[in-house]
Number of protein chains: 2
Amino acid sequence: MERRNTRQLEAIRSYAEHSKSHPTAEDVYREIVKTIPDISLRTVYRNLNKLSEEGILRKIQVPNGPDRFDSTLEPHQHILCTECGEFIDVFMNNEERLLEEIKDLCGYEITGIDVVYRGRCPKH
Amino acid sequence: MERRNTRQLEAIRSYAEHSKSHPTAEDVYREIVKTIPDISLRTVYRNLNKLSEEGILRKIQVPNGPDRFDSTLEPHQHILCTECGEFIDVFMNNEERLLEEIKDLCGYEITGIDVVYRGRCPKH
DNA sequence: TTCCTATTGACAACCGTTGTCAATAGTGAT
DNA sequence: ATCACTATTGACAACGGTTGTCAATAGGAA
């Protein structure tokens, strides 16, 4: 399974790798299409998925919203503003006084936390 | 805005409220349709959403999967087995030795944690 | 019973994402 | 350069889960 460096992959990699805004596939597409007008959204999806499988990006599956792609690989969480859609990083250490810490750090008032761990159950 | 007690709402409430299995709307529909054959999936969605807005159920938005409805209102998290789809509760207190705790508690080996807090940003 | 309107069921549409497949374009060998 | 091979692409359609729409139905107070 040979690996090929296409214009499309390179453009997507360099954009997503340097982006700090947690872009969605749509976001990436709207940017890349300016320089590669005939690129397809399908290809953006394919390459973003490939890059996240390779560990170059991290795919963030946002409940009730499009996936976002994150170039920051260090473990951290995210906050989504339910009013304006702003999506920011949170780096936290201890969970105890987390909510107050978050409010101190960035002014967000948390209205919901939905955590879903993923894993393999004892049978697998 | 008067409130009406329909057969459909009552059936959905009593099933979901007593269920311990985090049913999806489909799950609820497949059960209720046995006793109310002409109920529609649309109505199941509507009433599950209504019940979770009223705080009677908790809606869990699972990334890349259908929403689940939880009758356990105490704060807790969930684990989804990526192999068999089993979906279980986790009650945790401190985050520090969380992963080892989880493994001790229920044998799950965590392969991913995607946390998205929701809130209002300082502008709102 | 009557009337009002909340709720329903049928249906279509939505969004984000992936499947399919023939056409295209990297890449390594000649 | 040219070739042949096949990974990748772009088109298009389809998917799954959920919600919008709207005329028909059925609670519930008078």
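Numbered from 1 within each chain, the chains take letters A, B, ... in sequence-line order.
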ask   = Within 45° of the six-membered ring axis of A:Phe87 and under 6.0 Å from that ring's centre, is NZ or CZ of A:Arg68 located there?
value =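 Yes - A:Arg68 lies over the ring of A:Phe87, closer than 6.0 Å to its centre and within 45° of its axis.
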Side-chain N or O of A:Lys50 closer than 4.0 Å to phosphate OP1/OP2 of D:dT8 =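 Looking at the OP1 and OP2 atoms of D:dT8, one of them is under 4.0 Å from a side-chain N or O of A:Lys50.
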Side chains of [X] and [Y]: does their closest heavy-atom pair fall under 4.5 Å?
X: A:Tyr117; Y: B:Val115; result: no
X: A:Lys123; Y: B:Glu86; result: yes
X: B:Glu17; Y: B:Ile56; result: yes

ask   = Given that B:Ala25 and A:Ile39 both sit by DNA chain D, which one's nearest nucleotide is further toward the 5' end?
value =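 Closer to the 5' end of DNA chain D: A:Ile39.
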key: Selected nucleotide, minimal atom distance to A:Ser40 side chain, candidates C:dG16, D:dT19, D:dA11   =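 In terms of side-chain proximity for A:Ser40, the closest of C:dG16, D:dT19, D:dA11 is D:dA11.
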To the nearest angstrom, how far is [X] atom [atom1] from [N] atom [atom2]?
X: B:Tyr45; N: C:dT8; atom1: OH; atom2: P; value: 16 Å
X: B:Asn49; N: D:dT18; atom1: CG; atom2: C1'; value: 9 Å
X: B:Asp67; N: C:dC15; atom1: CG; atom2: C1'; value: 14 Å

key: Contact pattern, 5' to 3', of nucleotides 19-30 of chain C - B, S or - by protein heavy atom under 4.0 Å   = BB----BBS---
ask   = Which part of the nucleic acid, if any, lies within reach of B:Asn47 when heavy atoms closer than 4.0 Å are counted: base, sugar-phosphate only, or nothing?
value =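 Contact class for B:Asn47: sugar-phosphate only.
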request  = Have a look at A:Asp38 and say if it touches a base, only the backbone sugar-phosphate, or nothing, with a 4.0 Å heavy-atom cut-off.
outcome  =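 It contacts sugar-phosphate atoms only.
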inquiry  = Assess whether a salt bridge exists between B:Arg120 and A:Glu109, defined as any Lys/Arg side-chain N lying under 4.0 Å from an Asp/Glu carboxylate O.
reply    =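 Salt bridge between B:Arg120 and A:Glu109, a charged N being under 4.0 Å from a carboxylate O: no.
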ask   = Has B:Arg13 got more than 12 heavy atoms of other residues, nucleotides or ligands less than 6.0 Å from its CZ?
value =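 Yes.
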